[in-house]
Amino acid sequence: ERWVSLLVCGFCRAGLVCEAYFLLSLLLDKGFFPNICIYNPILFGLCRSSQSSKLFVVFGSLLKGGLRFNDHTFVSLIYAYCKEGLYKEACLVLYKMQAYGFKPNVFCYTTIIKFLCDARGIEEAMDMLKIMVAEGCDPDLVTYNVILRALCSHNRVYEACKFLGIMSRNGFSPDKFTYSALAGGMLQARQIELANGFLHHILTKGFDVDVPICNICIHMLCQQYNSSVALSLVKALMEKGFIPSNVTYNTILNGFCKEQKLDEALELFNYCDWVGNKPDSLSFNIIMSAACKLRNSTVIHKVLHRMESEGIQLN
RNA sequence: UCGGACGGUGCUCCU
């Protein structure tokens, strides 16, 4: 069972949910009776890869097979319903799980709040927050981070500040997720001045700075048509030990494309040493859509050829 | 009693 668990988790971590499930089904045929801990990573893998319908099927078979769920299992079900936009069903799980002896926890509520923020607006998310507190479940830092990002991205920075106050009164101090949630939200709301000021504060006042926060700075530069500056900044930071991620490269790549600087985009794209990274399907989408917009068939063919040679599928 | 699993949040394209 230990080995199976390790293998299944390994597959899921690598994004190979089908393989994980295949392995498990082989063992089931041999009479292996798995623990729910083996199913949960598969359920979450299906959620993340937007295969909710498969999750519902697996869930049904779990019910039939009489396997005992645990609290993780219910979170995956809620996650799947939310991803499908089925909030009523997601909320129903909050009640149904109690019949199995599980009280909805902060993971359950935060999952719903996150999806409400993204799809239905903040007010409904706030209502859910009230329900959660009324039910005796306290929000944690993740819950607050979700709400902070939503507030900032809807131009409600003032309320976000009030929430920061509530947070600290409840004993939570901001972490690096909080910073990037705030900055990313401001940027999404096109509040460049605010974002700029905030990021400057973060960068200069000795806060914990990580790659996503740097990426937000880079994105901000690119939004202002300063992609060349952004690239120089990355190179300068690399001298100081900064290790860019694929997001870093894709952000700048997209910046160049929006500035219609296809040559510079291609130069970056062809730059062999992405410090351990390689263009991914998103990079190819960016460069391909730019080439198409500019009706540059030479580049289109080159990119297609390179995708073929690197084994990247058209998505 | 203790221990054990990718359970929910931030950055890039398109939606």
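Reminder, nothing fancy here: chain letters follow the sequence lines and each chain counts from 1.
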Sugar-phosphate, base or nothing in reach of A:N254, heavy atoms under 4.0 Å: sugar-phosphate

Touch class at under 4.0 angstrom, heavy-atom based, for A:V211 against every strand present: nothing

Pairing residues for A:T143 by the side-chain hydrogen bond (donor to acceptor under 3.5 Å, both in side chains) criterion, not counting sequence neighbours: A:T110, A:D140

Nucleic acid contacts of residues 184-199 of chain A, taken as heavy-atom distances under 4.0 Å to RNA chain B: none

Touch class at under 4.0 angstrom, heavy-atom based, for A:T143 against every strand present: base

Heavy-atom contact window of chain A on RNA chain B, given 5' to 3' at under 4.0 Å: B:rA5 to B:rC13

Sugar-phosphate, base or nothing in reach of A:L282, heavy atoms under 4.0 Å: base

Test log, rule ring pair (Phe, Tyr, Trp, His ring centres under 6.0 Å), inputs A:H201 and A:F207: CA-CA 9 Å; A:H201 184 76; A:F207 287 90; 5.5 Å; yes

Sugar-phosphate, base or nothing in reach of A:R149, heavy atoms under 4.0 Å: sugar-phosphate

Sugar-phosphate, base or nothing in reach of A:S180, heavy atoms under 4.0 Å: base

Test side-chain hydrogen bond (donor to acceptor under 3.5 Å, both in side chains) applied to A:T178 - qualifying residues, sequence neighbours left out: A:N145, A:D175

Aromatic plane relationship, A:Y100 with A:F69 - under 30° parallel, 30 to 60° tilted, over 60° perpendicular: tilted

Sugar-phosphate only, base, or nothing, as touched by A:D175 at under 4.0 Å among non-hydrogen atoms: nothing

Sugar-phosphate only, base, or nothing, as touched by A:Y79 at under 4.0 Å among non-hydrogen atoms: sugar-phosphate

Sugar-phosphate only, base, or nothing, as touched by A:T251 at under 4.0 Å among non-hydrogen atoms: sugar-phosphate

A:E135: partners by salt bridge (Lys or Arg N to Asp or Glu O under 4.0 Å), with sequence neighbours left out: none

Listed partners of A:E308 passing salt bridge (Lys or Arg N to Asp or Glu O under 4.0 Å), at least two apart: none

Short side-chain donor-acceptor distance under 3.5 Å, A:N270 and A:R306: yes

Ring centre gap for A:Y81 and A:Y87 strictly below 6.0 Å: no

